[in-house]
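Data block below; observations after.
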Amino acid sequence: PWIRPPAEVYYQNNPLNTVNGLEFLIQLPAGPGTLSLQPYVGSNRDDIPNAGGAYFEAENIYGLDVKYAGRGYSAHASYFQCDVKTFGGFLIEQSAFGPLAVDLNGEGECEVSAVGFNLDMANVVVYAEWTDRTTTDELSRPFGDQTGWYTTLGYRFGRWLPHITYGMLDGEASTVSPGAVTVTGGPFDGATFNFPVAIQTSITAGLRYELNDSAALKVEYQLVSVEDDQQELADANQPGGVGGVPYVNYGLFNDDLVGFPGSLPTDDVGIFSVALDVIF
C-alpha cells in the first residue's frame with residue numbers, strides 16, 4: 001500500500017541492490033501452500049554513492065532465499081555473503097574538523113540476513129521485515145554494521161485502506177584503525193576516524209484508495225526522527241569522534257558520504273506525499 005517501501009530496510013543495503021549472475025527457482029507444494037527455494041551466485045560493480053568516483057567490486061556472491069506462501073499470507077528468510085573491494089578516495093577542503101582526506105581503498109566481507117512476512121486476510125493487512133548487514137576488516141571503514149526493521153498494519157474498508165508503519169534503523173560504525181577519513185590541518189591534524197552510521201526512526205500514516213481495477217490514489221504523511229543524543233551516537237560511533245567535536249548523524253537524509261560540511265536535522269522531519277499508481 002505504500003508510496004515508497006520503508007527506507008530503514010530497503011535503503012540501508014545500497015549500493016549492492018542487483019546481482020549479475022545465475023539463479024534457480026525451485027517451487028514445491030507443501031501443505032496448503034508453496035515452498036520456494038531460490039539460490040543464486042554472481043557479482044557486481046558500481047559506484048559508491050556521493051564518493052567522488054570511488055567504486056566497489058562485489059565478487060563471489062552466494063545467496064539463498066526461502067519463501068513459503070499460502071492464500072493471503074507468505075513468509076520468507078534470506079541470506080547472502082560476498083567479497084568486496086573498494087577503490088578510490090576524494091578530498092573535502094572545508095568541514096567542521098578542517099580539510100579531510102578520504103581513502104576508500106580496502107577489502108573485506110559482507111553478510112546480509114533478512115526475514116519477513118506478509119498477511120492480507122479478512123480485510124486485515126500486516127507486513128513486517130527485519131534485515132541485518134555486517135561487514136569485516138577494512139571494508140567496514142566506510143560501511144558500518146546496520147540493522148533495520150519495520151511493521152505495517154492496515155485494515156481495508158471497501159476501496160479504502162488506511163495503514164500505519166513504524167520503522168527503525170540502528171547500527172555500529174567501524175572500529176578499524178586507522179579510519180577512512182584523515183584530518184589534514186587545523187587543531188585535529190593527523191586524526192583519523194570512520195564514517196558514522198545512520199540512526200533514525202519513522203512513523204508513516206497512509207491512505208490508499210482504489211479508483212478502479214488498474215489505478216490507486218495514495219496519500220502519506222511521514223514523521224522522521226533522527227537520533228541526536230550525544231551518548232547514543234557515541235555508543236554507536238566509537239571511535240568516530242575527534243577531540244570532543246560533537247558526533248553527527250543525518251539518518252538517511254545524508255546526501256554526501258561524509259557530510260560534515262552540511263547542517264544537521266535538529267527537529268523531526270515531516271514528509272507529505274501523494275501518488276497515483278496506474279497499471280496499463
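Defined by atom type and a distance below 3.5 Å, a donor-acceptor pair is present between the side-chain atoms of S225 and D268. No side-chain donor-acceptor contact under 3.5 Å links W2 and T204.
For the pair V19/F80, no side-chain contact is recorded, criterion being any heavy-atom separation below 4.5 Å from C-beta on. A heavy-atom distance below 4.5 Å is found between the side chains of T147 and W130. Y62 is not listed as a side-chain neighbour of Y79, based on a closest heavy-atom distance of 4.5 Å or more. L153 places none of its side-chain heavy atoms less than 4.5 Å from the side chain of Y166. Within the 4.5 Å cutoff, no side-chain heavy atoms of V278 are placed close to those of L211. Using a 4.5 Å cut-off on side-chain heavy atoms (C-beta onward), Y127 and P5 make no contact. Put simply, the side chain of D83 does not reach to within 4.5 Å of the side chain of E107, judged on heavy atoms. At least one side-chain heavy atom of L217 sits less than 4.5 Å from a side-chain heavy atom of V274.
Contact detail for T184 and A101: the closest heavy-atom pair is CG2-CB, 3.8 Å. Considering every non-hydrogen atom in both L161 and R156, the closest pair reads CD1-N, 3.7 Å. When all heavy atoms of I61 and C82 are compared, the closest pair comes out as CG1-CB, 3.5 Å. When all heavy atoms of L252 and A198 are compared, the pair lying nearest together is CD2-CB, 4.1 Å. Of all heavy-atom pairs spanning S174 and S140, the tightest one is CB-O, 2.6 Å. Nearest heavy-atom pair across R133 and C110 is CG-SG, 3.9 Å.
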Decide yes or no on side-chain contact (heavy atoms from CB on, under 4.5 Å) for F117 and V126, but give the supporting numbers first.
CA-CA 8 Å; F117 73 92; V126 182; 3.8 Å; yes

Test side-chain contact (heavy atoms from CB on, under 4.5 Å) on D145 and V197; report intermediate values, then the result.
CA-CA 8 Å; D145 297 344; V197 293; over 6 Å; no

Before you tell me yes or no, could you show the steps for F90 and L100 under side-chain contact (heavy atoms from CB on, under 4.5 Å), namely the whole-Å CA-CA distance, both residues' side-chain angles and the distance that decides it to 0.1 Å?
CA-CA 9 Å; F90 58 99; L100 303 178; over 6 Å; no

Determine, step by step, whether E109 and L139 satisfy the side-chain contact (heavy atoms from CB on, under 4.5 Å) criterion, reporting the C-alpha distance in whole Å, the side-chain angles of both residues, the deciding distance to 0.1 Å, and the verdict.
CA-CA 7 Å; E109 298 177 357; L139 175 62; 5.9 Å; no

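Ring geometry for Y55 versus F87: interplanar angle under 30°, hence parallel rather than tilted (30 to 60°).
In this structure, the side chain of Y40 does not engage the main chain of G21 through any donor-acceptor pair within 3.5 Å. Without hydrogens or angle criteria, T131 side chain to S113 main chain gives a donor-acceptor distance under 3.5 Å. For the pair D120 (side chain) and G72 (backbone), a donor-acceptor distance under 3.5 Å is absent. Remark: side-chain polar atoms of S74 are not paired, donor with acceptor, to backbone N or O of A69 under 3.5 angstrom. Using a distance-only test at 3.5 Å, with no hydrogens or angles considered, a donor-acceptor pair links the side chain of T135 to the main chain of F143.
Put simply, OG1 on T136 and CD on E111 are 7.5 Å apart, with the number rounded to the nearest 0.5 Å. Atom CD of Q38 and atom CG of L64 lie 9.0 Å apart (nearest 0.5 Å). Atoms NZ and CG, on K67 and L37 in that order, are 12.5 Å from each other to the nearest 0.5 Å. The OG1 atom of T34 lies 9.0 Å from the CG atom of L28; values are rounded to the nearest 0.5 Å. Between the CG atom in L233 and the CG atom in D228 there is a gap of 7.5 Å [rounded to 0.5 Å].
Hydrophobic clustering (ILVMFWY, side-chain heavy atoms < 4.5 Å, transitive): F157 and V125 are in distinct clusters. Y221 and V226 fall into different hydrophobic clusters, defined by Ile, Leu, Val, Met, Phe, Trp and Tyr side-chain heavy atoms under 4.5 Å apart, directly or through other members. I271 and I3 are assigned to two separate hydrophobic clusters, defined by single-linkage of ILVMFWY side chains at heavy-atom distances under 4.5 Å. No continuous path of hydrophobic side-chain contacts links I203 to V269 [ILVMFWY only; heavy atoms under 4.5 Å]. Taking hydrophobic clusters as Ile, Leu, Val, Met, Phe, Trp and Tyr residues chained together by side-chain heavy-atom distances below 4.5 Å, L25 does not share a cluster with L22.
Looking at M168, E129, E8 one by one, the single match for side chain to side chain contact (heavy atoms under 4.5 Å, CB included) with Y150 turns out to be E129.
Counting non-hydrogen atoms of neighbouring residues, nucleotides and ligands closer than 6.0 angstrom, the CD atom of E57 exceeds 12 such neighbours. Counting non-hydrogen atoms of neighbouring residues, nucleotides and ligands closer than 6.0 angstrom, the CD1 atom of I279 reaches no more than 12 such neighbours.
Legend: salt bridge (charged side-chain N to carboxylate O under 4.0 Å, His left out) pairs involving residues 204-225, not counting sequence neighbours, sorted by first then second residue: R208-E210, K218-D277.
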